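All figures in this text were calculated on a predicted structure; none of them were measured in a lab. We name chains A, B, ... by the order of the sequence lines, and we start the count at 1 in each one. Below, all heavy atoms of this structure are taken into account, side chains as well, without hydrogens, waters or symmetry copies.
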Protein chains: 2
Amino acid sequence: MESKDEKIKIVRGIPEPTLRRLPVYHQYLRELEQKKVFFISCTAIAADLKLIPIQVRKDIEMTGVVGRPKIGYSVKQIIDGIEEFLGWKKSSEAFLAGAGSLGAAILGYQGFKEYGLDILAAFDNNPAKAGTIIHGRKVYAMEKLPDLIRRMKVKIGIITVPAVSAQKTADIMMDAGISAIWNFAPVKISPFGGVIIQNENLAASLAVLSKKLKVMQAAENIRP
Amino acid sequence: MESKDEKIKIVRGIPEPTLRRLPVYHQYLRELEQKKVFFISCTAIAADLKLIPIQVRKDIEMTGVVGRPKIGYSVKQIIDGIEEFLGWKKSSEAFLAGAGSLGAAILGYQGFKEYGLDILAAFDNNPAKAGTIIHGRKVYAMEKLPDLIRRMKVKIGIITVPAVSAQKTADIMMDAGISAIWNFAPVKISPFGGVIIQNENLAASLAVLSKKLKVMQAAENIRP
DNA sequence: TCCTAATAGATATTTATTTATCGATATAAA
DNA sequence: TTTATATCGATAAATAAATATCTATTAGGA
């Protein structure tokens, strides 16, 4: 039990906001690397990304990368450190369920592969879509999903089906042995058997934007 | 200055996590309403959404809706309260820049309209796309964007262009008088003139998923 | 009519995250 | 070689968010 508890502690020990900032650093540092910048201080990173140096330093600290006073960090070391830390070094294979416009967008989104996500194929309930190719990936009938998950030992499922069938699709995936689900349907999915669910909620982001806009416009009306 | 400061305080006073949970309640309560459920307790909401009652109560409190002991809240009142609170009652018109697969997905995403977002048209740099129709919305040449923003007084811009042209597109929008930008390009956009930027970062979510998966798999290797 | 239990609302506590402070270290200039 | 300074790393404080506790209210049954 001890080792399990320890693991849980480690998971809880990484602030999710930090995890969300790491890809931002990663992208930025890759750009720097192309510009032949090999060392950088957290102060400079913070200035460019509009963060504060202390936060950048703490985030980098999480990855285990160390810097040198007066010099800063090795750009390459942070890039590698982030990739290693987030598990991007060994690519994970994924299946995508729901080949509608959102599914197609995700299949077409460049760069997931460099984040360790390799979407092998798509699945759709619409028989007319079966056999087609979207952004280089074949679309199969949904019936084939569980069997292919088992045979290919795929561990990540991406759900881009309509809200009503999201839980059913997730259940199929989890039954077949999926370990993690990235859910773009606007409903929360109930996991079982320790499966990891990451809900992507576009409405939530829109809510933040709407509220800020509303408050801003209210403020303008007070002081035009 | 006082009123401005006050407004800022109000903005800061709403926890962003609460703002992100409100659409989840909204969606859930609309389903309840269709099932002819008219009153509900925070305990019941929490149980269904896998949250805790206290958090639900605090979130609802933010919208100004009050409940009654032993009865709970009026479902309709919360729905209306959330819509009012987030500014979804009066629809905001938006333009979308970048009619690629992600842009098309967003144009096709049902339900934004009920969240007060009305995407009027799309714009693209590719001349071949100009004049086409995607999910019922016309695609214009990017050159026409600033003029149309000014003439139609559109306040929200949605960016789904590639990373390299994201800032340029945002600059065009901000110059033309856009108040808020919803940015799906994987780069952070620098605002000016008090423009609100909401960055949607798919890589960030993927990072959280990757890390949890990595930790889980590491734990499995320790105890198979 | 009175009592019980469920529930909202207010207040307090805990936890997580961000931000600040301080000391140590290594480079570069004097 | 010495000194000044930029920087990291560790520790501490402040802030934000989540959770727990307590109090008051009210429907519904005894």
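B:Tyr115 meets the ring pair (Phe, Tyr, Trp, His ring centres under 6.0 Å) test with B:Trp88; sequence neighbours excluded. Looking at residues two or more places apart in sequence or on another chain, you find a side-chain contact (heavy atoms from CB on, under 4.5 Å) between A:Asp175 and A:Phe192. Listed by chain and number, the residues in a side-chain hydrogen bond (donor to acceptor under 3.5 Å, both in side chains) with B:Asn199 are B:Asn183 (sequence neighbours excluded). With sequence neighbours left out, B:Glu31 forms a side-chain contact (heavy atoms from CB on, under 4.5 Å) with B:Gln27.
D:dA16 atom C1' lies 13 Å from atom CD of A:Gln55, rounded to whole Å. Between the CD1 atom of B:Ile14 and the P atom of D:dA17 there is a distance of 11 Å, given to the nearest Å. The distance between atom CD of B:Glu61 and atom P of D:dA18, rounded to the nearest whole Å, is 14 Å. Rounded to a whole Å, the CD1 atom of A:Ile78 is 10 Å from the P atom of D:dG9. Put simply, CD1 on A:Ile54 is 14 Å from P on D:dA14, counting in whole angstrom units. Look at CD1 on A:Ile60: it is 10 Å from C1' on D:dC8, rounded to the nearest Å. Here C:dT18 presents its P atom at 10 Å from CE of A:Met62, a figure rounded to the nearest Å.
The stretch residues 18-26 of chain B has no heavy atom under 4.0 angstrom from DNA chain C at all. Of the residues in residues 29-53 of chain A, A:Ile52 come within less than 4.0 Å of DNA chain C through at least one heavy atom, sorted by number.
Judged as a ring-ring contact (aromatic ring centres under 6.0 Å, His included), the pairs with a partner in residues 153-186 of chain A (not counting sequence neighbours) are, in order, A:Phe112-A:Trp182, A:Trp182-A:Phe184. Counting only residues at least two apart or in different chains, side chain to side chain donor-acceptor pair (under 3.5 Å) contacts with residues 89-106 of chain A are absent. Contacts classified as side chain to side chain donor-acceptor pair (under 3.5 Å) and involving residues 47-58 of chain A (residues at least two apart or in different chains) are given here: A:Tyr28-A:Asp48, A:Lys50-B:Ser190. Annotation: ring-ring contact (aromatic ring centres under 6.0 Å, His included) contacts involving residues 34-63 of chain A, sequence neighbours excluded, are absent.
DNA chain D is contacted by both A:Gly72 and A:Lys58; A:Gly72 maps to the nucleotide lying nearer its 5′ end (nearest heavy atom per residue).
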Item checked: Letter per nucleotide, 5' to 3', of nucleotides 24-30 of chain C [B base touched, S only sugar-phosphate touched, - untouched; heavy atoms, 4.0 Å] -> -B-B---

Would you mind writing out the side-chain donor-acceptor pairs for residues 63-80 of chain B within the sub-3.5 Å range, not counting sequence neighbours?
from    : atom 1 : to      : atom 2 : distance (Å)
B:Thr63 : OG1    : B:Ile60 : O      : 2.6
B:Thr63 : OG1    : B:Val65 : N      : 3.4
B:Ser74 : OG     : B:Lys76 : N      : 3.4
B:Ser74 : OG     : B:Gln77 : N      : 3.0
B:Lys76 : NZ     : B:Asp80 : OD2    : 2.9

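Between B:Lys212 and A:Leu19 there is no side-chain heavy-atom pair separated by less than 4.5 Å. For the pair B:Ile149 and B:Met173, the minimum side-chain heavy-atom distance is below 4.5 Å.
At least one side-chain nitrogen or oxygen of A:Tyr73 sits closer than 4.0 Å to the OP1 or OP2 atom of D:dG9.
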